[in-house]
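Everything quoted here is computed from the prediction, not taken from an experiment. Convention: sequence-line order gives letters A, B, ...; per-chain numbering from 1.
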Amino acid sequence: MDSPMIAALEARLERQRRQPRILVFARRHPVLVAGAALLATMVLLALLAPWLAPHDPTEMNVLQRLKPPSADYLLGTDALGRDILSRTLYGARVSLLVGVSVALFSALVGLGIGTVAGFNRVADRIIMRIMDGMMAIPGILLAVALMTLIRASIATVVIAIAMPEIPRVVRLVRSLVLTIREQPYIEAARAMGTRLPMILLRHVIPNLLTPLIVQASFIWASAMIFEAYLSFLGAGTPPEVPSWGNMMAEGRSVVQLAFGIILYPGIFLGLTVLAVNLVGDGLRDLLDPRIGRKL
Amino acid sequence: MNYLLRRLLAVIPVLAVVAVIVFLLLRLAPGDPAVIIAGDTASAEDIEHIRQTLGLNRPVVEQFVGWIGQILRGDLGTSVFTGMPVAEMIRQRVEPTLWISALTMAFAVVFAVPMGIIAAWKAGTWVDRAVSGLAVAAFSLPVFVIGYGLVYGFSTQLDWFPVQGFKSLSDGFVPFIRHLALPVISGGLIYMALLARMTRSTMLEVLAQDYIRTARAKGLSSQRLLLRHALKNAAVPIVTTIGLGIAMLLSGVIVTESVFAIPGIGRLTVDSILRRDYPVIQGIVLVTATAYVLINLITDLLYGLFDPRIRY
Amino acid sequence: MSVVAFPRPLLDVRDLVKHYPTRTFWRDSPPVKALDGISFTLGAGETLGLVGESGCGKSTAAKTLLRLIEPTAGQILFDGADIATLSPAAFRPYRRELQIVFQDPYASLNPRLRAGEIVAEPLRNFGWDSRDGEQRVADLFARVGLNTDALKKYPHEFSGGQRQRLGIARALALNPRLIVLDEPVSALDVSIQAQVINLLEDLQADLGLSYIFVAHDLAVVRHISHRVAVMYLGRIVEIGPVDSLFTRPLHPYTRALLSAVPKISPAARQNRILLKGDLPSPAHPPSGCTFRTRCPQARPECAERAPQLVAHGNRHQVSCHFAETSA
Amino acid sequence: MSAPILEIDDLRIAFASPDGIVRAVDGVSWQLNAGEMLGIVGESGCGKSVTAMSILRLLPGPPAMFASGAIRFRGEDLLTASEARMRALRGNAISMIFQDPMTSLNPVLTIGEQIAEVLILHQKLSKRAAWTRAGEMLDLVGIPDPVRRLADYPHQFSGGMRQRAMIALALACNPAVLIADEPTTALDVTIQAQIMELLARLRREMGTAIVLITHDLGVVAECCDRVVVMYAGTKVEEARVDALFARPSHPYTRGLLAAMPELDTPGDARHRRLAEIPGMVPSLKQAAVGCRFAPRCALADERCRQTIPALAPTSGEHADHFAACFRAHEPLPGTAA
Amino acid sequence: MRLPLPFRARPLAAAFFSLAALAAQAGFASTLHMIPQGDLKILDPIQNPSYITRNHGYMIYDTLFAQNAKGIIKPQMVDSWKVSADKKTWSFKLRDGLKWSDGTPVTAADCVASLKRWGARDVSGRLLFAAVGEIKASDAANFTIVLKSAFGPVLEMLGKPSSNVPFMMPERIAATDPNEQIKDTVGSGPFIFKRDEWVPGSKVVYIKNPNYVPRKEPADGLAGGKLVKVDRVEWNYIPDQNTALAAFKKGEMDIYELPPADFIPVLSADASIKLATDPLGDQGWLRPNHLAAPFDNPKARQALYYLVNQGEYMAAAGFPEAYRHKPCMAYFMCGSVNESFAGSAPYAGGKDIEKAKKLLQEAGYKGEKIVVLTPSEPPVQAAAAMVTVQNLKKAGVNVDAQAMDWSTLLARRAKKDGWHIFHTYSVGTDVFSPAVNAYAQANCEKAPSGWPCDAKLEQLRAAWVAEGDAAKRKKITDELQARMYEVVPYVNFGQFFQPMAYRTNLTGVLSVGVPVMWNIEKK
């Protein structure tokens, strides 16, 4: 007894249902799938860099410096005669590594601290004061100061970028914990005699993972940009590391001579950050469109 | 009043934490101003002499106590390098930074909020996708790349705007705005993206509320629905974002100040960090942290304007 | 039904109080009196209905019994032992004896756990080994009328009624003697509600459980309870055997409540007693009888002293100065 | 009786969801006469609220929604009316009140602003006149000290007062039809009694025709003139209230009544086992083949499962009593109906 | 074809903005805008040897003597002087009418105090004052220096062109502890420092000193009449080189003091821009830590020379051929009076990695980590470090390239352990003689970071400064340099010409290795 319009629609839906699941998924979550595909490409390029890169990314050839693209140097060379293509490909490794590590590090630390703050009122007071203090210092200053404090390496860059993110994660986790601990299923667990550590592990943390993962993906994206800022301000990854930030920072003084030095890493960085952001957006919409507000 | 006082008192522990963090961070960092003052050809002895005259040989705790005492007397100290009072250095630099921040914020708010509203109203349509796409794209490029691009296009090629520098409003409005246009746009894009996304998601949430349905059932026009019923409800999260975004804004301002050679607070801080001018860094961070805390206090107070349920 | 059916109380609650302090920066405001000294007993195999409007403290009372909310004062004698003041560790064994089923069957189930895990959780907490546990969970599923293939499903894959069955299975897992049912059917549709009520009755008959049944639906309470307590602003205003209370309500509030329920049969509609206004704030309850502000029979003396629960016949108690005259 | 003021004619509403098309309303028809109170009852997901929302076209529009049939208000089809026309009708000729008074009022506008707004919009009153009228409306719905309360925000009102304010808002323009969508579900029983009393009084005084959407058979029994019973997007029974409760025809209606515990039964009611309707509400993602209720119906036979029963007059003494069942009135096994 | 929107709007907007720009610039025709090499943060050119502070010194202070374009010492504030026959007593008479910028007259006592302060801080000042027995003012215009031991280049020291320059200050200021910064900026130079307009990190402003008394002779090198032909000079520090280049090319700035080498081709291609270079040029220094194994062994230091191809370093730094000196093995600068190639023969073959490996082995190197301090900036130092790291790796050295900012590097190298190599460079005027070349000192602890320790080298330096005769000095120079090639206090990684760029509307720009602002006219 369906009206013809509904019948037609039904038929169309049925046809779609018979398509491969991945296609159906892609139609439903275009943002997520586009982001994931782009990100996968970048990850692939990064992983395959040793095979794809025509040159050693750190090999200097001062006689070939600032060369325009040629058959040997497809994207030209930088101010020390290093192959821009190779450096860009290897740069994907550094940027992705830095981004992922920052996201993981700040998410894990933030999860730990935020959970404690959410469950212990005394600890909460102390922790939140410290977090407020950290948040009151502009992140980039905190990071630059940290970079001068510790010897420049990829690990220290990760820590320096993660540090200003941690208070934000802590606040998110704490507010989620405060919401979750009021949920009836937590009350139910207490009524069942579940002890606090188990409540945290089985009931609280799994339920805040979703927004945390979304938040982590945005941290990942911004960490890659932040890495470039640090290099720009002269406090980034060590100069011999072919990170996109370094390439752009080194290349910026010669922008007008060899635009490619800043263009190619810029494009790659932009695309990768875009990919991660799209994945984050997609995940947020997929998992829960309403957690956006808390982020 | 009660609330205001309590909030003002709450600023103190935050600043105390900031003071401790900054002080420790700096004193733990390798490198000190003495070696820089002594220069390339100095011997270890020379450096030691200078360190002594600067008081850097005293125990860290003693230095910290001394500094706190100074702060409490309202003295931010003097720069190790220039010998200028820190307060004076900040005063010199505060104008450009304030202008950039204020105009960046204004620029971002003026564009982002309508964009977010339209995107939310037209959720799922191409308008929404375009706005969301723009926002994500603006998020994906470092400020300095945008800055260089704008300089190349609008200064070097088109010659509409100067490449660098800052002109005070007292030098005339036109030079003032010409010098600030590019820094504000390049720094404001990210902030705008953030705000547009936030506005969109907040508006989406508000538009799904029961009272919006009520308003529609009253026969209101879309315009009135959005601007009177929805926006006022969305205002609190939007204002929160504006407040919390200050931190992000400042990060952007630091980079734009470097790109456009604008003598603002941000650049001063980075320079001071890179050459370990302790009193200056400490002073600035303390001042910016205070500003940050106060701005967030103001945004908190603003909530009351938008949401009658909040009573202090 | 006989008066002496429940000779020895399983639960004896005496003067249970729960106050929430509302401190502000400057001064202490009066506390919110969520529970203002309630007393009742419950026998083994008995169902006590706890009714009242939202904010009357019935849910607080239910949760305080299980120490999900810490009481401010008073005694909770369970099988003769006062469990109100026990340390959390000492109280823990009593968790096996006292269980709870929540109002919102969806919110009270962790969305990240499978049905089997949810029901097994109390077993794990009290040291069941996993093989016995598995068998027990399967038995419980059968007991509440769920298929064993439901073990692997997540809460969102169940319907509302099935979720409440899960909640009941979880509460039954440790073989409790008392189950607090906190509005267990109010989120369910009528047709499903009947299924759950029948299940609860069957379980009581088979296992000899005692129930504290919190609800605002008077018909459901009447159907399932042996005795009923009516609460208003943190106090019990009337308590008594179900038939006596429903056919001869003594407190004006109970009468208003009963008369307000819409009835299908025209014959059952009496003169409706419409109460004025809304529930006063529990932070600033009226002096004397807290109901007097809305009571159609309030007299000046009601403002002066608070009435106590007084027996009016067979196990039927009411707290109203004028209960007899108005009856 | 003259032509109905509101007429729903073979309304079908479907939503496209990712995993199929939900036929929320599947061929429902009814009429509302001037001054009448029509109850629409059913359990959650039966389509009663969707029907109500579709009258003012408040459902999220295409592409997610598909509607067919007709909704005629004074003969004018609202399904095809322009958006501007709908705006002119909403809150003016047809008003609506909702389930949750806590969330249905805008928290950042005063009660007075919210009421005056609709008066300025539809009645073209001046701001001052609208404000005065808003005060009168609050007075009418029994809010004490109405003029002062106009300046209050919703959070300063209790739940019952908010629903009164909602009613004042809905009736401000003296609409011909008021759609009340579960207006008392979120309220306590004593407040519910006040609100229902208020609605009844206002209906008497203002002559507004009311569509009352509810799941509570008791409320319907007390207030309504006629009642439509819905199940799974279809209308299963329609009758005058007294007829329906005196002689329910559809097995679903009968099951529903039997499943309800009763407040006013004599002493041994406790020992009557409640009748259960086995199973669950069916998924609406498949097109109906046969009676929607058949899987849960004790009377269902092959015909019920194959053919959709049409609405037909029951054999009872009431002429306007219809049920969509082949075996209406046959005794249900296991109950002493 | 449809133009993109911004381009279509161009004519109108351009007109609007260029009008505005004209209006804005009208008032400042005689202001010189320079992009300085760095941020002027320290105002004391005696306490601090950085070039930016030295340049500031040349703006506001004057000197007793100065070098002309040919490297000859000429009197500046001094009117006349006498040397006793034994060359032990030097008397000087100041020019008449010299005034400090606050209007008070310049006295001999001021100069004596200034020299003493300089002698306590500067490398060559210390050398001189080690030989000075007595220095005193006899009256307002005359003062004498009495030497207790022989010292040849007295005038060369007093006319030392680069850091630290013996600038003259009023006695009250010169009395400041040499380790403490002076607070007053009163000098007798051609400009006055506008303290109230100073924005550290951004802007330094100077105005013409009305009390300045220039010499009659035309300007010649750092000597001669310092005639100021503009009203005002602004140093506008632009930290971002790309922005600096864009601003300079657009004419927002007049002088670009230290454009990165990579910009040279761009700047030379621009007809409205000229490049000026100091004929002597600069020298790059690779400094090993003489206290850290294996570089405590001269063989290991020699090995470093076998890893250096000067051309490679210059290319890495980005200098076009025309701005590099051809490979030059003179420690005291090719083209200077002290040019010599003595002792360089072993390295004539150029880069020889095998030889370097062998020498390192002989020095006892066994694969320990060699720490190279690698700065992110400045560009020459950064590039040099990268090249050294790569070459060391090729020689099988286990390199630890530690990245850091320049401040950290300065601090790190000040510590005696924890590092092996850093790089820096110096302008020729700070290199060209054994008396001024700080890194040629081998007095162990007293030497700058790296701490070379060689008694013979120190003896030769002492002999060099004590020698008054030019020809004999030349001989000592050869000996000294030969010794340097044996003990290698530092490795010279190349000589280059760092240009200063200025726009062609300027005339009278002097190429002296210091951006001096006198004699410049702006059209």
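- Closest non-hydrogen pair, D189(C) versus E43(D), comes out as CB-OE2, 3.0 Å.
- Proximity to chain C is absent for every atom of P144(D), based on heavy atoms less than 4.5 angstrom apart.
- Proximity to chain C among residues 182-189 of chain D is limited to D188(D), V189(D), judged by heavy-atom separations below 4.5 angstrom.
- Looking at L258(C), both its backbone and its side chain come within 4.5 Å of chain D, counting heavy atoms on both sides.
- For the set S54(C), A256(C), S159(C), the entry with the most heavy-atom pairs within less than 4.5 Å of chain D is S54(C).
- Contacts of Q192(D) with chain C are made by side-chain atoms alone, with heavy-atom separations under 4.5 Å and no backbone atom involved.
- Here the side chain of E197(D) pairs no donor or acceptor atom with the backbone of L274(C) at under 3.5 angstrom.
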* Asked: Taking it one step at a time, do R273(D) and D202(C) satisfy side chain to side chain contact (heavy atoms under 4.5 Å, CB included)?
  -> CA-CA 10 Å; R273(D) 195 174 168 77; D202(C) 293 346; 2.8 Å; yes
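- The distance from atom CZ of R272(C) to atom CE of M196(D), rounded to the nearest 0.5 Å, is 9.0 Å.
- Interface summary for chain C: among T190(D), I191(D), D216(D), the most heavy-atom pairs under 4.5 angstrom belong to T190(D).
- Side-chain atoms of N198(C) come within 3.5 Å of backbone N or O of L274(D) as a donor-acceptor pair.
- Of the two parts of I264(C), the backbone and the side chain both hold a non-hydrogen atom closer than 4.5 Å to a non-hydrogen atom of chain D.
- Interatomic distance, CG of L199(C) versus CD of E276(D), reported as 8.5 Å (0.5 Å rounding).
- Within the 4.5 angstrom heavy-atom criterion, only side-chain atoms of I197(C), from C-beta onward, approach chain D.
- Scanning all heavy atoms of the two residues, the minimum distance from A219(C) to P261(D) falls at CB-O, 3.4 Å.
- Counting heavy-atom pairs closer than 4.5 Å to chain C, the top residue among M161(D), Q194(D), M280(D) is Q194(D).
- Taking each heavy atom of A259(D) and S191(C) in turn, the nearest pair found is CB-CA, 4.4 Å.
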